[in-house]
Amino acid sequence: MPELPEVETVCLALSKILNNSEVSNIEIFRKDLRWTINDNLETDLKEKILKKPYRRGKYILIPTSKEHILLFHLGMSGTIKILSGEYKVFKHDHVKIKIETEDNNFFTIVYNDPRRFGYVDFFHISKIKNHFLLKKLGVEPLGKDFTIQYLQKKMYNKSKCVKNFLMDQSIIAGIGNIYASEILYEANISPLRTVDKLNKEHLKSIITATKFILKKSINAGGTSIRNHLQPDGNLGYFVQKLKVYGKNKSKCNKCNNVIVLININNRSTYYCSNCQR
DNA sequence: CGGCATCCCTGGGAGC
DNA sequence: TGCTCCCAGGGATGCC
């Protein structure tokens with residue numbers, strides 16, 4: 001589930017408690033995630049001071065004052081919980097980190113991931129440029145490098161369909177299966193259209209729609225955390241106002257056509273074949 | 001190399 | 001109630 005807006009929302013919530021907070025304890029219950037968690041996480045993270053987290057694509061990065069980075073990737077089913085007070089370990093909790101804030105409050109941060117497609121890593125900041133997961137990431141869709149020129153360059157001589165293009169993390173970092181459908185609906189472009197059939201106007205629409213949809217969802221996530229922080233501390237899931245994803249057989253908001261569900265690269269894809277060409 | 005199918009893993013819901 | 005099948009929001013890998 002977690003795409004850019006959800007990861008951004010988790011980052012925002014974490015940043016409220018991670019601002020020169022000290023790691024007082026760390027427990028790892030299961031190391032065999034998408035990759036095996038490095039042994040140094042357990043030994044080296046203790047007593048480190050955690051600074052404000054930030055996001056890169058779908059990755060959460062938490063710098064320490066000792067020049068390290070704590071990295072989380074939520075995969076398909078990962079969540080992060082933030083809790084104050086006692087916490088009883090739950091099924092699929094893999095990593096539990098206790099922290100003490102600057103003003104002496106205690107919190108527990110829990111990484112839970114049933115399918116274990118996610119990952120947790122801890123490494124020296126000098127390795128960030130060549131980190132095997134981070135080095136291949138493309139531009140940030142909310143950043144200034146996400147331009148028509150950039151897209152044109154990346155599309156050159158490519159034949160894949162625009163939906164797969166948007167979801168390619170080495171081109172644009174952070175868009176997943178849900179938001180790819182939502183963005184193309186907003187841009188009135190068929191997910192099946194191949195990128196060599198996109199003109200400048202299409203690219204402009206894609207950029208505008210991407211920024212609009214992602215920002216709107218981040219705002220919704222922020223609101224959801226303020227108003228509906230669940231008692232179990234669970235973050236990363238919030239009610240999204242989706243217009244096409246999961247809406248097959250219901251009516252398109254813009255015309256009287258019916259939203260259809262198709263399969264692209266083995267992923268569910270929803271669109272209006274009337275509005276989206 | 002690009003594009004696509006397959007696989008990793010667990011759980012939930014539909015259908016019988 | 002229980003079984004089977006299919007599906008799930010990520011992404012690496014291997015094959016053609």
Side-chain angles (χ1 to χ4, degrees), chain A residues 1-10 29-37 55-60 71-80 90-95 111-121 131-138 141 151 153-185 191-197 210 213-214 216-218 220-221 224 232 234-249 259 261-271:
Chain A
M1 85 94 297
E3 303 182 33
L4 186 152
E6 291 78 23
V7 176
E8 182 74 24
T9 300
V10 174
F29 307 110
R30 236 192 131 141
K31 291 190 173 180
D32 54 331
L33 306 184
R34 182 64 176 82
W35 295 274
T36 302
I37 296 179
R55 181 192 57 72
R56 174 78 176 100
K58 297 173 192 171
Y59 295 89
I60 298 163
L71 171 151
F72 287 99
H73 182 60
L74 302 176
M76 200 92 123
S77 56
T79 52
I80 283 177
F90 194 70
K91 199 176 183 185
H92 303 304
D93 285 348
H94 304 311
V95 178
Y111 176 80
N112 180 291
D113 186 3
R115 291 173 77 178
R116 309 204 314 281
F117 287 168
Y119 188 47
V120 183
D121 201 4
H131 190 277
F132 76 111
L133 293 170
L134 302 174
K135 67 179 177 187
K136 46 197 162 189
L137 291 180
L151 292 180
K153 194 178 84 188
K154 288 292 182 185
M155 284 169 178
Y156 182 72
N157 254 349
K158 294 240 169 101
S159 61
K160 68 164 104 180
C161 70
V162 61
K163 191 204 173 211
N164 285 342
F165 182 87
L166 288 180
M167 287 175 63
D168 186 333
Q169 302 302 299
S170 70
I171 299 170
I172 307 161
I175 299 172
N177 198 42
I178 288 183
Y179 291 104
S181 277
E182 293 294 315
I183 287 164
L184 291 169
Y185 179 72
L192 292 164
R193 183 184 277 264
T194 52
V195 292
D196 54 347
K197 297 280 191 295
T210 299
I213 294 287
L214 296 180
K216 199 178 68 167
S217 302
I218 290 169
S224 140
D232 64 0
N234 230 321
L235 299 172
Y237 289 85
F238 55 86
V239 182
Q240 301 150 90
K241 286 175 184 152
L242 303 175
K243 288 191 171 162
V244 273
Y245 187 89
K247 305 281 187 191
N248 54 315
K249 295 180 186 169
I259 303 294
L261 166 61
I262 59 170
N263 202 291
I264 298 180
N265 248 20
N266 274 328
R267 313 300 295 271
S268 296
T269 308
Y270 302 84
Y271 81 116

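To find a chain, count down the sequence lines: A is the first, B the second, and so on, and within it residues start at 1.
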**Prompt:** Can you find a heavy atom in the side chain of A:L74 that is under 4.5 Å from one in the side chain of A:K58?
**Reply:** no
Every protein N/O within reach of nucleotides 11-13 of chain B N/O, cut-off under 3.5 Å:
from   : atom 1 : to    : atom 2 : distance (Å)
B:dG11 : OP1    : A:K91 : NZ     : 3.0
B:dG11 : OP1    : A:H92 : NE2    : 2.5

**Complete:** Those residues at least two apart in sequence (or on a different chain) that pass ring pair (Phe, Tyr, Trp, His ring centres under 6.0 Å) with A:Y271 are none
**Prompt:** Which class fits the ring pair A:W35 and A:Y119: parallel under 30°, tilted 30 to 60°, perpendicular over 60°?
**Reply:** perpendicular
**Asked** What are the two closest non-hydrogen atoms of A:Y245 and A:E182, and how far apart are they?
**Response** N-OE2, 2.8 Å
**Residues within residues 156-164 of chain A bordering DNA chain B, heavy-atom distance below 4.0 Å** = A:K158, A:S159, A:K160, A:N164
**Asked** Any side-chain heavy atom of A:I60 within less than 4.5 Å of one from A:I80?
**Response** yes
**Request:** Could you tell me the separation between the CG atom of A:N177 and the C1' atom of C:dG11, rounded to a whole number of Å?
**Result:** 12 Å
**Request:** Check the distance between B:dC9's C1' and A:F117's CZ and give it to me in whole angstrom.
**Result:** 4 Å
**Message:** Only Watson-Crick and G-U wobble pairs with both distances less than 3.5 Å should count. Give DNA chain C in dot-bracket notation, marking inter-strand partners with |.
**Reply:** .|||||||.|||||||
**Asked** Going by heavy atoms in the side chains, are A:V195 and A:N164 under 4.5 Å from each other?
**Response** no
**Asked** Under 4.0 Å between a side-chain N or O of A:R267 and OP1 or OP2 of C:dC7?
**Response** no
**Asked** Rounded to whole angstroms, how far apart are CD1 on A:I171 and C1' on B:dC1?
**Response** 14 Å
**C:dC7 and B:dA5, which share atom name P, separated by this distance in whole Å** = 15 Å
Protein-nucleotides 12-14 of chain C N/O pairs under 3.5 Å:
from   : atom 1 : to    : atom 2 : distance (Å)
C:dA12 : O4'    : A:R34 : NH2    : 2.8

**Request:** Please examine the side chains of A:D168 and A:K160, heavy atoms only from C-beta on, and report whether any two atoms are closer than 4.5 Å.
**Result:** yes
**Request:** Send over the distance from A:M167 CE to B:dA5 P, rounded to a whole Å.
**Result:** 14 Å
**Item:** Residues that A:D93 engages under side-chain hydrogen bond (donor to acceptor under 3.5 Å, both in side chains), provided they are two or more places apart
**Value:** A:K81, A:Y87, A:N112
**Asked** Any side-chain heavy atom of A:R30 sitting closer than 4.5 Å to one from A:R116?
**Response** yes
**Request:** Check A:I264 against A:C161 and note the closest heavy-atom contact, atom names and distance.
**Result:** CG2-SG, 3.7 Å
**Message:** From CG of A:L74 over to P of C:dG11, roughly how many Å is that when rounded to an integer?
**Reply:** 10 Å
**Request:** Among the candidates C:dG11, B:dA5, B:dC9, find the nucleotide nearest to the side-chain atoms of A:R116.
**Result:** B:dC9
**Interatomic distance at C1', C:dA12 relative to B:dG11, whole Å** = 23 Å
**Item:** Chi angles and distances behind the side chain to side chain contact (heavy atoms under 4.5 Å, CB included) call for A:M76, A:D113
**Value:** CA-CA 8 Å; A:M76 200 92 123; A:D113 186 3; over 6 Å; no
**Request:** Send over the distance from A:D113 CG to B:dC8 P, rounded to a whole Å.
**Result:** 17 Å
**Prompt:** Below 4.0 angstrom from OP1 or OP2 of C:dG9, is there any side-chain N or O of A:Y245?
**Reply:** yes
**Asked** Which nucleotide in the set C:dG9, B:dC4, B:dT6 lies at the smallest distance from any side-chain heavy atom of A:N266?
**Response** B:dT6
**Message:** For a quick test of reading the model: is some side-chain N or O of A:K58 closer than 4.0 Å to OP1 or OP2 of C:dG9?
**Reply:** no
**Prompt:** Nearest heavy-atom pair of A:S77 and A:P114: which atoms, and what distance?
**Reply:** O-CD, 3.3 Å
**Prompt:** So, do A:Y179 and A:E6 sit near enough that their side-chain heavy atoms are less than 4.5 Å apart?
**Reply:** yes
**Asked** Is any side-chain heavy atom of A:R56 closer than 4.5 Å to a side-chain heavy atom of A:L137?
**Response** yes
**Item:** Nucleotide C:dG9, atom P - distance to CD1 of A:I213 in whole Å
**Value:** 18 Å
**Request:** Decide yes or no for A:F165 and A:L151: does some side-chain heavy atom of the first lie under 4.5 Å from some side-chain heavy atom of the second?
**Result:** yes
**Message:** Taking the P atom in each of C:dC6 and B:dT6, what is the distance between them to the nearest angstrom?
**Reply:** 14 Å
**Prompt:** Tell me: CG of A:N265 to C1' of B:dA5, nearest whole Å?
**Reply:** 8 Å
